[in-house]
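In what follows, a single structure is set out as structure tokens and then discussed.
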Amino acid sequence: MSETAAIPFPDEIIHLDEINRSLDSALAEADTAVERMDKEYNDAKRYMVFNRGEIDPHEMFRSEQELKRIDSRGAFTVRLRDKLAKLKASPYFARIDFHERGGEEASFYIGQFTFDRDGQLLVYDWRSPVASMFYDYEIGPAEYIAPMGKIDGELTRKRQFKIKNGLMEYALESSANIQDDVLQRELAHTSDEKMKSIIATIQKEQNQIIRDESVGTLIIQGAAGSGKTSIALHRIAFLLFRFQDGLTAKNVTILSPNKVFGDYISNVLPELGEEPIFEASLSDIAELQLEGVVGFEEEKDPLLQDDAGWAERARFKSTMDFVQLLDEYIKQMPSMVFSPSDCSFERFTARAEMIAARYKAYGKYPVKRRLEMIAEDIYERFYSDCYEKDDIPQSRTILKALKKMLKVKDTLALYKEFYKRCGMSQMFAMPSKKMLEWADVYPFLYVMAAFEGLRESGVIKHLVIDEMQDYTPIQYAALNIMFQCPKTILGDFGQFLNPNHLNTLEDLKKLYGGAKYAELSKSYRSTYEIIEFAKKIKRAGAIEAVERHGEPPKIIKCLDRQDELARLKAMIDAFKKSAYSSLGIITKTNSDARRLYDLLAANFDVHHISPESTRFLNGVSVTSVQMSKGLEFDEVIIPGANSGNYSNEYDRSLLYIACTRAMHKLTLLYEGELSSLLV
């Protein structure tokens with residue numbers, strides 16, 4: 001770092017004052033415009049109410065249309081005002097000076113949003129082409145891709161700022177990467193209740209992923225704490241900015257592991273000036289597709305099950321081999337389930353040969369959809385061949401006759417038949433009548449797609465799938481039918497949650513053969529000491545710690561469970577006196593978390609994060625490894641770190657996940673014998 005200024009440069013103080021004055025003026029104008037729109041809307045509405053019985057229908061229609069136009073303009077004006085208010089708090093975070101080859105040198109200030117005044121761009125959106133140079137280049141030769149093509153030249157200056165409530169807290173300038181210093185400052189902060197935007201600290205490798213405009217699917221394999229979820233959300237914000245004429249927030253959905261995580265990440269896009277995107281789970285999607293068809297059990301915690309048959313069935317259905325078996329069955333299924341015959345209605349007859357030919361011609365459609373199309377074809381043929389139209393059978397009557405030619409009436413019967421034909425009837429078990437095990441839900445949907453058809457989303461143009469390692473190949477195969485759009489798929493195959501899932505990263509790459517692949521190995525969440533500790537547990541050589549140091553993790557031996565609980569309570573007291581905002585007490589299972597929460601709730605204000613929870617809050621949280629995925633805490637305590645709780649290779653993954661939730665401080669408690677995974 002060639003120069004660091006705790007007190008900002010005088011020229012930057014002057015510039016910030018000028019920007020603040022321009023923002024004040026723009027905000028005042030926006031407030032006036034909002035008030036004017038409110039008045040116009042209320043006046044128009046009042047006129048319609050008071051004159052409803054006197055104005056004719058045409059005038060009423062015109063008045064309603066005008067009301068909608070005012071409402072639309074008003075909503076736009078409110079959004080503009082809100083963006084200006086956010087800019088007022090922090091107008092920009094960086095400045096770059098760029099000397100275009102053959103042109104003049106110019107300064108560009110980069111912030112959350114574009115701000116122009118009287119035709120002059122005062123702040124450039126972080127997603128703009130010119131802003132990419134801030135993330136990708138140091139002082140020296142640089143270039144960016146503009147609408148008219150590549151612009152190259154030389155970056156002559158890089159400055160970074162922290163502006164809060166309109167005041168400059170610091171300014172940094174360097175010929176080296178000034179982001180390193182800013183990154184260290186930001187990482188040293190305590191945690192927030194919501195994930196925040198990272199536009200001021202985006203690293204070069206992250207920026208390349210965010211600005212990837214590939215039409216197809218992008219797979220991001222990211223180590224714990226590498227910021228992969230934040231990067232995916234920033235990529236969505238970039239795509240919404242880049243393709244704003246064809247892509248809106250309503251066209252994007254994210255599949256997240258639970259509602260707590262959904263709440264935790266819910267602020268990122270609004271903070272970046274975009275509307276929130278729809279968040280769903282695999283269960284939500286299945287419920288929508290299977291309504292009125294068949295019920296299903298929610299996914300069970302595999303750590304709490306002792307049914308060997310249930311575990312074997314889940315493992316069998318988690319492999320690529322299972323998908324291939326289903327594909328072979330589905331390929332044979334159309335000829336297996338339908339036997340065409342002559343279709344007669346008094347003087348009208350459609351021959352079996354014609355029905356068979358049409359059935360084959362519509363081969364890309366689900367079986368039942370084919371029958372609907374054939375029924376329409378037969379009706380059109382009867383209609384065109386007949387002068388007297390009165391007694392022509394309707395298409396619904398023809399369809400009813402065609403359905404009688406089916407050998408299998410519904411997907412459930414067809415799905416059961418699959419296991420019989422494979423000679424593996426033991427691999428299918430129903431908890432009760434018309435009720436599927438969770439492991440059967442997406443295989444069932446896959447078969448249903450070929451036989452009856454699924455509801456395909458025409459609205460969703462981009463799907464984000466988080467925690468990719470927790471989804472099986474057959475779940476991906478079914479999702480690909482329902483969401484035929486580009487996808488951003490992210491996760492960490494080093495953080496498996498389900499011991500009954502045998503799928504691998506290579507399986508995922510095979511499923512998305514043409515996808516781009518990116519890997520993030522640097523961890524930003526935890527201190528160097530915590531990451532080095534976690535690496536020894538997981539034996540994960542790929543993860544690289546940022547050089548941010550803190551106290552080493554502690555392993556504390558307790559006399560017995562009572563002593564362990566007493567020490568835990570003392571640590572909660574110490575946390576409450578500290579500067580930290582969040583403490584996560586992470587147990588192995590959900591039931592362990594429930595029991596511990598009940599013990600602590602009598603003496604402390606603690607939150608219990610369970611599968612039924614919907615919000616993430618600062619303070620003390622008791623939760624399981626499963627529910628902690630994707631979250632981060634200033635301090636983490638892992639009780640019960642003994643050989644009874646953590647002993648096998650799967651437990652190694654659970655311990656690794658739990659440890660890497662900690663940002664600044666990590667403590668493990670145990671009584672009895674310490675887990676061999678920690679030795």
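Every value quoted in this text rests on a predicted model; they were computed, and no experiment measured them. Here, residue 1 is the first one in the sequence, and each next residue gets the next number. The basis for the numbers below is simple: all heavy atoms, side chains too, and nothing from hydrogens, waters or symmetry mates.
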Is it true that [X] and [Y] make a salt bridge, defined as a side-chain N closer than 4.0 Å to a carboxylate O?
{"X": "E467", "Y": "K629", "result": "yes"}
{"X": "E312", "Y": "R315", "result": "no"}
{"X": "E671", "Y": "K557", "result": "no"}
{"X": "E632", "Y": "R661", "result": "no"}
{"X": "D605", "Y": "K576", "result": "no"}
{"X": "E532", "Y": "K535", "result": "yes"}

Would [X] and [Y] count as having a side-chain donor-acceptor pair, cut-off 3.5 Å?
{"X": "E291", "Y": "Q289", "answer": "no"}
{"X": "S610", "Y": "R594", "answer": "no"}
{"X": "D466", "Y": "T229", "answer": "yes"}
{"X": "N645", "Y": "Y670", "answer": "no"}
{"X": "S624", "Y": "N590", "answer": "yes"}
{"X": "R525", "Y": "H664", "answer": "no"}
{"X": "Y512", "Y": "N480", "answer": "yes"}
{"X": "T589", "Y": "S591", "answer": "yes"}

How far does [atom1] of [X] sit from [atom2] of [Y], to the nearest 0.5 angstrom?
{"X": "N503", "Y": "L508", "atom1": "CG", "atom2": "CG", "value": "8.5 Å"}
{"X": "L479", "Y": "C485", "atom1": "CG", "atom2": "SG", "value": "10.0 Å"}
{"X": "N500", "Y": "W310", "atom1": "CG", "atom2": "CH2", "value": "5.5 Å"}
{"X": "S266", "Y": "M195", "atom1": "OG", "atom2": "CE", "value": "10.0 Å"}
{"X": "I231", "Y": "I202", "atom1": "CD1", "atom2": "CD1", "value": "8.5 Å"}
{"X": "I585", "Y": "F633", "atom1": "CD1", "atom2": "CZ", "value": "9.5 Å"}

Minimal non-hydrogen separation, [X] against [Y], with atom names:
{"X": "T623", "Y": "A593", "result": "C-CB, 3.7 Å"}
{"X": "M468", "Y": "I220", "result": "CE-O, 3.5 Å"}
{"X": "L617", "Y": "S621", "result": "O-OG, 3.8 Å"}

Do [X] and [Y] have side-chain heavy atoms sitting under 4.5 Å apart?
{"X": "T488", "Y": "I465", "result": "no"}
{"X": "Q221", "Y": "L490", "result": "no"}
{"X": "L445", "Y": "M482", "result": "yes"}
{"X": "L412", "Y": "F444", "result": "yes"}
{"X": "L502", "Y": "F496", "result": "no"}
{"X": "E551", "Y": "K665", "result": "yes"}
{"X": "L325", "Y": "M424", "result": "yes"}
{"X": "T472", "Y": "F322", "result": "no"}

L568/L596 under side chain to side chain contact (heavy atoms under 4.5 Å, CB included): CA gap, chis, key distance, verdict = CA-CA 10 Å; L568 181 57; L596 184 56; 3.8 Å; yes

If only atom types and distance count, is the side chain of [X] paired as donor or acceptor with the main-chain N or O of [Y] below 3.5 Å?
{"X": "H234", "Y": "I198", "value": "yes"}
{"X": "K317", "Y": "D440", "value": "no"}
{"X": "S613", "Y": "H608", "value": "yes"}
{"X": "Y442", "Y": "L282", "value": "yes"}
{"X": "R652", "Y": "Y646", "value": "no"}
{"X": "Q469", "Y": "Q495", "value": "yes"}
{"X": "S526", "Y": "A662", "value": "yes"}
{"X": "E274", "Y": "A249", "value": "no"}
{"X": "T660", "Y": "I657", "value": "yes"}
{"X": "S523", "Y": "E544", "value": "no"}

Option passing side-chain contact (heavy atoms from CB on, under 4.5 Å) with L668 (candidates L655, I586, N642, L674) |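 It is L655; the other options fail the test.
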
Can you check whether Y415 and F428 have ring centres sitting under 6.0 Å from each other?
->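 Here the rings of F428 and Y415 have centres that are less than 6.0 Å from each other.
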
Taking the six-membered ring where the residue is Trp, are the ring centres of Y580 and F575 under 6.0 Å apart?
->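 Ring-ring flag for Y580/F575: false, centres at least 6.0 Å apart.
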
Report, as yes or no, whether the 6.0 Å neighbourhood of atom [atom1] on [X] holds more than 12 heavy atoms from other residues, nucleotides or ligands.
{"X": "K194", "atom1": "NZ", "result": "yes"}
{"X": "K510", "atom1": "NZ", "result": "no"}
{"X": "E673", "atom1": "CD", "result": "no"}

Distance under 6.0 Å and angle within 45° of ring axis: K509 vs Y517 |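 Yes, a cation-pi geometry holds between K509 and Y517.
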
Salt bridge (Lys or Arg N to Asp or Glu O under 4.0 Å) partners of D592, counting only residues at least two apart =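 For D592, the residues satisfying salt bridge (Lys or Arg N to Asp or Glu O under 4.0 Å) (neighbours in sequence not counted) are R595.
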
Report the residues that fulfil salt bridge (Lys or Arg N to Asp or Glu O under 4.0 Å) with D563, sequence neighbours left out, ordered by chain and then residue number.
->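 With sequence neighbours excluded, D563 shows a salt bridge (Lys or Arg N to Asp or Glu O under 4.0 Å) to R567, given in chain and number order.
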
Tell me, with the steps shown, if F533 and Y656 meet ring pair (Phe, Tyr, Trp, His ring centres under 6.0 Å).
-> CA-CA 9 Å; F533 180 83; Y656 173 76; over 10 Å; no

Go through the steps to decide whether K250 and E275 satisfy the test salt bridge (charged side-chain N to carboxylate O under 4.0 Å, His left out), and finish with yes or no.
-> CA-CA 8 Å; K250 292 177 183 176; E275 295 291 321; over 6 Å; no

R561 vs E564, salt bridge (charged side-chain N to carboxylate O under 4.0 Å, His left out): CA-CA, chis, key distance, verdict | CA-CA 5 Å; R561 290 189 179 180; E564 186 174 4; 5.9 Å; no

P270: what forms a side-chain contact (heavy atoms from CB on, under 4.5 Å) with it, not counting sequence neighbours?
->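 Listed in chain order: P276.
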
